[in-house]
Amino acid sequence: MVAFAIAVVVMLAGVVGTLIPALPGLPIVFLAMLGYAVVDGFRDITPGFLAVALLVVAATQVAEHYARAWGAKRFGAGRAGAWGAVIGSIVGLFFMPLGLLLGPFLGALLFELVAGRSGSEAVKAGFGGLVGVLGSVVVNVVVALGLTVAFVAKVLI
């Protein structure tokens with residue numbers, strides 16, 4: 001039970017980590033599952049369960065990066081704005097916490113302006129980059145909570 005309690009606490013820290021894009025929330029959740037499985041001898045958490053969890057984590061991590069570009073494109077950004085949102089998100093990590101929100105917005109906006117788009121089009125694209133980031137945070141939280149609930153159910157039921 002001690003290993004289970006530690007795993008759940010670490011997983012909840014991972015859920016909180018999904019709210020802060022600089023922290024690897026989903027990998028933390030997965031590593032807590034893996035750690036418990038090793039300590040438990042893979043009785044409750046099987047290699048198959050871990051494989052599915054790892055696929056979910058990997059797919060969500062990939063989708064997170066596409067969400068930033070998708071948000072910008074959905075709001076009218078071209079290829080430059082989509083790339084700007086992704087690059088801005090990465091650069092924004094160095095200017096936390098405000099950079100987490102401003103990075104994708106400014107990245108999409110600046111790249112669109114450099115590509116020759118009008119100011120209003122660039123602002124709209126920047127807003128889309130921000131929407132993409134916020135959407136990816138919501139998805140990460142939901143997936144992290146889902147994995148945590150699945151883990152708890154698998155161990156206790």
Side-chain angles (χ1 to χ4, degrees), residues 1-40 42-77 79 81-109 124-157:
M1 287 309 281
V2 172
F4 174 72
I6 291 170
V8 170
V9 168
V10 171
M11 292 173 93
L12 292 174
V15 171
V16 171
T18 62
L19 295 169
I20 304 167
L23 296 178
L26 287 174
I28 290 171
V29 170
F30 177 77
L31 289 174
M33 283 184 190
L34 178 62
Y36 176 83
V38 168
V39 168
D40 187 55
F42 296 93
R43 287 187 311 242
D44 294 329
I45 303 300
T46 63
F49 182 87
L50 287 171
V52 170
L54 182 60
L55 286 173
V56 169
V57 168
T60 304
Q61 294 294 101
V62 169
E64 178 180 0
H65 295 291
Y66 284 108
R68 293 173 180 140
W70 174 86
K73 288 184 86 54
R74 179 81 169 99
F75 281 76
R79 180 177 223 130
W83 276 106
V86 172
I87 293 168
S89 296
I90 295 166
V91 171
L93 295 176
F94 296 101
F95 301 97
M96 299 241 305
L98 198 54
L100 297 175
L101 295 175
L102 287 178
F105 174 81
L106 292 174
L109 179 118
K124 188 176 175 185
F127 181 71
L130 178 60
V131 167
V133 167
L134 295 176
S136 71
V137 167
V138 170
V139 170
N140 279 341
V141 169
V142 169
V143 169
L145 284 172
L147 288 171
T148 302
V149 168
F151 170 81
V152 169
K154 186 91 166 120
V155 172
L156 296 181
I157 296 177

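Since we're looking at a predicted model, the values are computed, not measured.
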- Message: Between D40 and I45, is the side chain to side chain contact (heavy atoms under 4.5 Å, CB included) condition met? List the steps.
- Response: CA-CA 8 Å; D40 187 55; I45 303 300; 5.9 Å; no

- Message: I'd like to know whether V8 forms a side chain to side chain contact (heavy atoms under 4.5 Å, CB included) with L12, so could you lay out the CA-CA distance, the side-chain angles of the two residues, the decisive distance to 0.1 Å, and finally the verdict.
- Response: CA-CA 6 Å; V8 170; L12 292 174; 4.1 Å; yes

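For F30, the CZ atom is densely surrounded, since the number of other residues' heavy atoms within 6.0 Å is greater than 12.
A108 and G126 get closest at one heavy-atom pair: CB-CA, 3.7 Å. Of all heavy-atom pairs spanning A3 and V39, the tightest one is CB-CG1, 3.8 Å. When every heavy atom of N140 is checked against every heavy atom of Q61, the shortest pair comes out as OD1-OE1, 4.3 Å. Taking each heavy atom of L50 and M33 in turn, the nearest pair found is CD2-CB, 3.9 Å. When all heavy atoms of T18 and A144 are compared, the pair lying nearest together is CG2-CB, 3.8 Å. The shortest non-hydrogen separation linking F95 to V91 is CD1-O, 3.4 Å.
Here the CD1 atom belonging to I6 is positioned 12.0 Å from the CE atom belonging to M1, to the nearest 0.5 angstrom. To the nearest 0.5 Å, atom CG of residue L106 and atom CG of residue L130 are 10.0 Å apart.
The side chain to side chain donor-acceptor pair (under 3.5 Å) test applied to S136 returns no partner, not counting sequence neighbours.
The aromatic rings of F4 and F151 sit parallel to each other, their planes meeting at less than 30°, with 60° as the upper class boundary.
By the 4.5 Å heavy-atom criterion applied to side chains, L156 and D44 are not counted as neighbours.
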